[in-house]
Amino acid sequence: MLGLLALPVPICPTALLLRLPCPGCGLTRATFALLRGDVAGSFALHPLAIVLAPLLAAYGGAHVWGFVRGRPVGSPSFWTSRAVTALTLALMGALLAVWVARFLGAFGGPAPV
């Protein structure tokens with residue numbers, strides 16, 4: 001898998017098929033920059049990584065912890081609650097807004113594909 005990441009070929013299906021960056025283009029590189037402590041570099045690669053990376057890490061960590069304990073995390077009603085639905089829709093809207101803004105030249109322009 002690491003060898004695949006080192007190749008100069010894009011592994012994003014959108015980039016491969018359409019030759020356009022997807023709304024999440026740059027998130028992985030931005031997350032790795034955050035892990036290195038490079039907040040400015042992370043923001044330049046994708047401005048939402050500062051919000052999305054910790055949320056996704058907490059979500060994944062909670063599910064791993066639930067698996068280790070033998071109990072699922074949260075009840076089904078929690079994951080379908082209005083608050084979680086509103087947060088998800090807000091984050092999806094923010095991803096789309098940043099994607100459009102990058103096509104218009106904001107945040108360093110379109111992510112390289």
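All values below were derived from every heavy atom in this structure, side-chain atoms included, with hydrogens, water molecules and symmetry-related copies excluded.
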Contacts of type side chain to side chain contact (heavy atoms under 4.5 Å, CB included), residue Leu87, not counting sequence neighbours: Leu91
For Thr88, side chain to side chain contact (heavy atoms under 4.5 Å, CB included) partners two or more places apart: Val84, Met92
Between [X] and [Y], what is the shortest heavy-atom contact and its length?
X	Y	result
Leu34	Ala49	CD1-O, 3.5 Å
Gly41	Asp38	N-OD1, 2.9 Å
Leu27	Leu95	CD1-CD2, 4.3 Å

Nonpolar side-chain network containing Leu104, other nodes, edges under 4.5 Å: Val100
In one Ile/Leu/Val/Met/Phe/Trp/Tyr side-chain cluster, 4.5 Å: Leu56, Phe67: no
Whether Trp99 side chain and Ala94 backbone form a donor-acceptor pair below 3.5 Å: no
His46 side chain to Thr28 backbone, donor-acceptor under 3.5 Å: no
Interatomic spacing from CZ in Arg29 to OG in Ser42 - rounded to 0.5 Å: 11.0 Å
Heavy-atom check, side chain of Phe103 versus side chain of Pro21, under 4.5 Å: yes
